[in-house]
Protein chains: 2
Amino acid sequence: MRFYQEEKHSAVDAKFEAQKIAFAPFVFQASMALRDLGILKIIEDSGTAGITQEEIVAKLTLSNYGVRVLVEAGLGMGLLIINDGKYTITRVGYYILNDPMTIANMDFVQDINYQGFFHLKDSIVNGKPEGLKVIGPQYETFYQALSELPEKEKQSWLAFDHFYSDDSFSRVLPIVFKFNPAKILDVGGNTGKWSLSCVHHNKDVKMTIADLPQQIAMAKENISQYKEGERISYHPLDILKPETSLPAGYDVVWMSQFLDCFSEDEIVGILKKALTALTDSGKLIIMETFWDRQKFEAASFCLQQTSLYFTCIANGNSQMYHSEVFIRCVEKAGFVIEEDINNVGISHTVLICKKK
Amino acid sequence: MRFYQEEKHSAVDAKFEAQKIAFAPFVFQASMALRDLGILKIIEDSGTAGITQEEIVAKLTLSNYGVRVLVEAGLGMGLLIINDGKYTITRVGYYILNDPMTIANMDFVQDINYQGFFHLKDSIVNGKPEGLKVIGPQYETFYQALSELPEKEKQSWLAFDHFYSDDSFSRVLPIVFKFNPAKILDVGGNTGKWSLSCVHHNKDVKMTIADLPQQIAMAKENISQYKEGERISYHPLDILKPETSLPAGYDVVWMSQFLDCFSEDEIVGILKKALTALTDSGKLIIMETFWDRQKFEAASFCLQQTSLYFTCIANGNSQMYHSEVFIRCVEKAGFVIEEDINNVGISHTVLICKKK
């Protein structure tokens, strides 16, 4: 880790940074409003010539006052600059408006997290996702709520969830298939997307998806559309229940962005079940995003903040781990790490493990 | 204005800045939690030697997990750094923990604004403070809610409100009294603090406080404790009502951080009433904070963001103005600006005006 070792700011700069944090909820909501009310797009379209506040107002049905407070706030927030009374968009503004990752992050924060995050401190104190009650007082974990969310909120969650994994699947297939596995167990198979990639990638492999019964039902529906889906079977279970177990005899047990949804103790328990699912020479292959393994500080930042979603909204005890904490769990469960491959896809690490 | 004229960030930096905005509500709430749960203080107390996460946990009744997600997020947010597994506090962290202005801003944002700001976009679209309904659906403006707030929330609002003005009063008295006024009208006299300063500063001056009847009642209670308070009289009114007027015959009409609570049209209307209150040679003296008149970019930023409080929570149509917009209103009401004095106190401008 080369980030986070040195003081970055002078006293004057640090005082400004502290104010940016103090007013951060305002900055977020004003940026959302500038984006969603079309103001950023109008300014971007004005190019390097720029556009006056009055001209922006003329293109919209908003008040002069409403546009003014937003564009003025947008200056201080670094989304806009002004010269001779004409606003132009900055690079930060450009990303807020156009970058798919930034859009996915902002929609996720607004639609799933903003209101619940008022209760972050209580979540830490009580060890429970106290922000989840804003979504529905009946839920114990967010996973129970997901299928019942309003459409907009559900789409925002799925867009965030998929943004980070979609790119990695094609890159990881060669890594998994270099072991010529005949049978793969896909633990936490979710929508079945990865198991489908495998049966399309290799004409012989047989897959089993292990997941919660509700997830299996969703996955089956997707998979039934493909002939290759015949090589996929299912093992419904609640893996946290002590009495459940995984099926045995697999060459590879695969877990992609699954274990970060659990606490350290739970990870150890799940991996002990994985141990019994593998043949003696079988490989446990884990794909995860670790915040200490990122090339870009921005990626580390996003992962650290995403941890707080797990704390406050998802289930209160999981996170995007530091690799050292995570690897301790893998070893404690009875595995040895043979290969440790960073920068797979946007921000993933692949761990190839064997029985100790 | 020397800020806001140039692109500041490279593409890589800008993408990071955009993520800071995307996760800004997380950054805010995590900073509050780090502060209020005592974690920042423990790290500050560890000095340059620093402290491990396990040692922090040992000093608190929080879980290892809860402390870990917060301190890891604190790295990315720039509040903490880490060397050899030991956390130390940065200058930004120091300000979050100790700086009275930062504390006042954060408490104000959390206790008065955070939840309501979910409705900022609607406030712009509807021209109403839509965030106020979170505080109470019965209120039309925040001013109706203030006296009925829970104690913690009320204190946060007052601390924010007073932080920026307390320092300016002593500095502005010589500016006002160089005109040797015999009678001063204090419009929007609020708690009576400034009128009391005047009667203490000068043994002859007679003051009149004009404000809403409820404010006058509060002010009277404060003022009755002082003998000099006998030279203060009262003029209760709702200045926005067309049928109300101000009393006449004053050498100075004084308005401190009052007009920013109104829209442009309302400001013109109020100032026309002030015109009739003045003797022919009388002075209108206005003290305001203009975001374009600040020495420090951080101060401009705070004022621009504070405008959004007026939009979303206070009354939906006022702001911390750009001086040009404000001065247009002053001139439109029939005044000429004689003196324009910047940097009075923390961030104030004093405008000395006479009848046109």
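Residue numbering restarts at 1 for every chain, and letters A, B, ... go by the order of the sequence lines.
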The interface call for B:Ser10 against chain A, heavy-atom contacts under 4.5 Å, is backbone
Residues B:Gln19, A:Gln305; criterion side chain to side chain donor-acceptor pair (under 3.5 Å); working and verdict = CA-CA 10 Å; B:Gln19 304 330 302; A:Gln305 307 309 314; over 6 Å; no
For B:Phe23 and A:Phe28, run ring-ring contact (aromatic ring centres under 6.0 Å, His included): C-alpha distance rounded to whole Å, both residues' side-chain angles, the deciding distance at 0.1 Å, then the answer.
-> CA-CA 8 Å; B:Phe23 285 105; A:Phe28 175 79; 9.1 Å; no
Examine whether an atom of B:Leu62 lies under 4.5 Å from a heavy atom of chain A, and if so say whether it belongs to the side chain, the backbone or both; otherwise answer neither.
-> side chain
Chain A contact via B:Leu79 - which portion, at a heavy-atom distance below 4.5 Å = side chain
Interface residue of largest heavy-atom contact number with chain B, from A:Met32, A:Met101, A:Gln110, under 4.5 Å = A:Gln110
Relative to chain B, which segment of A:Thr311 carries a heavy atom at a distance below 4.5 Å: side chain, backbone, both, or neither?
-> both
Heavy-atom distances under 4.5 Å only: say whether A:Tyr309 touches chain B with side chain, backbone, both or neither.
-> both
Would you say B:Gln304 and A:Met77 make side-chain contact, with heavy atoms under 4.5 Å?
-> no
Chain B interface, residue from A:His119, A:Met106, A:Met320 that has the most non-hydrogen pairs under 4.5 Å = A:Met106
What is the minimum heavy-atom distance between B:Tyr95 and A:Ala18, and which atoms define it?
-> CB-CB, 3.7 Å
A:Ile103, part contacting chain B, at a heavy-atom distance under 4.5 Å | neither
What residue, out of B:Cys302, B:Gly74, B:Gly78, has the most heavy-atom pairs lying under 4.5 Å from chain A?
-> B:Cys302
Answer key: most heavy-atom pairs under 4.5 Å with chain A among B:Asn126, B:Thr61, B:Val92 is B:Val92
Option in B:Leu80, B:Thr88, B:Thr306, B:Val325 with maximal non-hydrogen atom pairs under 4.5 Å from chain A = B:Val325
Between B:Phe118 and A:Gln115 the two heavy atoms that sit nearest each other are CD2-NE2, 3.4 Å
Mind ranking A:Asp36, A:Asn317, A:Val27 by heavy-atom pairs under 4.5 Å with chain B and telling me who comes out on top?
-> A:Asn317
Residue A:Phe26 versus chain B: region with a heavy atom under 4.5 Å | both
Which of the residues A:Ser123, A:Gly316, A:Ala104 is involved in the greatest number of heavy-atom pairs with chain B at under 4.5 angstrom?
-> A:Gly316
Do other residues, nucleotides or ligands put more than 12 heavy atoms under 6.0 Å from the NZ atom of B:Lys133?
-> yes
B:Phe16 and A:Phe301: aromatic ring centres closer than 6.0 Å?
-> yes
Chain B heavy atoms under 4.5 Å from A:Asn64: which part of the residue, side chain, backbone, both or neither?
-> side chain
Is there side-chain contact between B:Glu7 and A:Thr90, with at least one heavy-atom pair below 4.5 Å?
-> yes
Which atoms of A:Glu264 approach chain B - backbone, side chain, both or neither, heavy atom under 4.5 Å | side chain
Check B:Ala22 against A:Thr102 and note the closest heavy-atom contact, atom names and distance.
-> CB-O, 4.3 Å
Picking from B:Gln29, B:Glu6, B:Glu297, which has the most non-hydrogen pairs under 4.5 angstrom with chain A?
-> B:Gln29
Would you say B:Leu308 and A:Leu70 make side-chain contact, with heavy atoms under 4.5 Å?
-> yes
Return the minimal non-hydrogen interatomic distance between B:Pro25 and A:Phe117, and the atom names on each side.
-> O-CD2, 4.5 Å
Give a yes or no answer on whether the side chain of A:Tyr114 reaches the backbone of B:Tyr114 with a donor-acceptor pair at less than 3.5 Å.
-> yes
Select one option (side chain, backbone, both, neither) describing which atoms of A:Leu120 are under 4.5 Å from chain B's heavy atoms.
-> side chain
Measure distances from B:Ser31 to the heavy atoms of chain A and classify the residue's part below 4.5 Å as side chain, backbone, both or neither.
-> side chain
Atom group of A:Ile82 that falls short of 4.5 Å from chain B, counting heavy atoms | both
Dump the intermediate steps for side chain to side chain contact (heavy atoms under 4.5 Å, CB included) on A:Val69 and B:Ile124, then the final yes or no.
-> CA-CA 9 Å; A:Val69 290; B:Ile124 303 276; 4.0 Å; yes
Would you give the length of the straight line joining atom CD of B:Gln5 to atom CG of A:Asn83, rounded to the nearest 0.5 angstrom?
-> 5.0 Å
Dump the intermediate steps for side chain to side chain contact (heavy atoms under 4.5 Å, CB included) on A:Glu72 and B:Tyr4, then the final yes or no.
-> CA-CA 10 Å; A:Glu72 289 179 354; B:Tyr4 318 131; over 6 Å; no
Counting only heavy atoms closer than 4.5 Å, note whether A:Ser318 contacts chain B via side chain, backbone, both or neither.
-> backbone
Under a 4.5 Å cut-off applied to non-hydrogen side-chain atoms, are A:Arg68 and B:Gln319 in contact?
-> yes
Which region of B:Tyr65, side chain (C-beta onward) or backbone (N, CA, C, O), has a non-hydrogen atom less than 4.5 Å from a non-hydrogen atom of chain A, or is it both or neither?
-> side chain
Can you tell which of A:Gly127, A:Ala299, A:Gly66 has the highest number of heavy-atom pairs within less than 4.5 Å of chain B?
-> A:Gly66
Check whether more than 12 heavy atoms from other residues, nucleotides or ligands sit under 6.0 Å from atom CZ of A:Phe163, and answer yes or no.
-> yes
Do A:Glu17 and B:Arg91 pass the side chain to side chain contact (heavy atoms under 4.5 Å, CB included) test, and can you show the C-alpha distance, the side-chain angles, and the key distance before you say yes or no?
-> CA-CA 9 Å; A:Glu17 289 299 310; B:Arg91 292 195 179 99; over 6 Å; no
Is there a side-chain contact between B:Leu37 and A:Lys121, using heavy atoms and a 4.5 Å cut-off?
-> yes
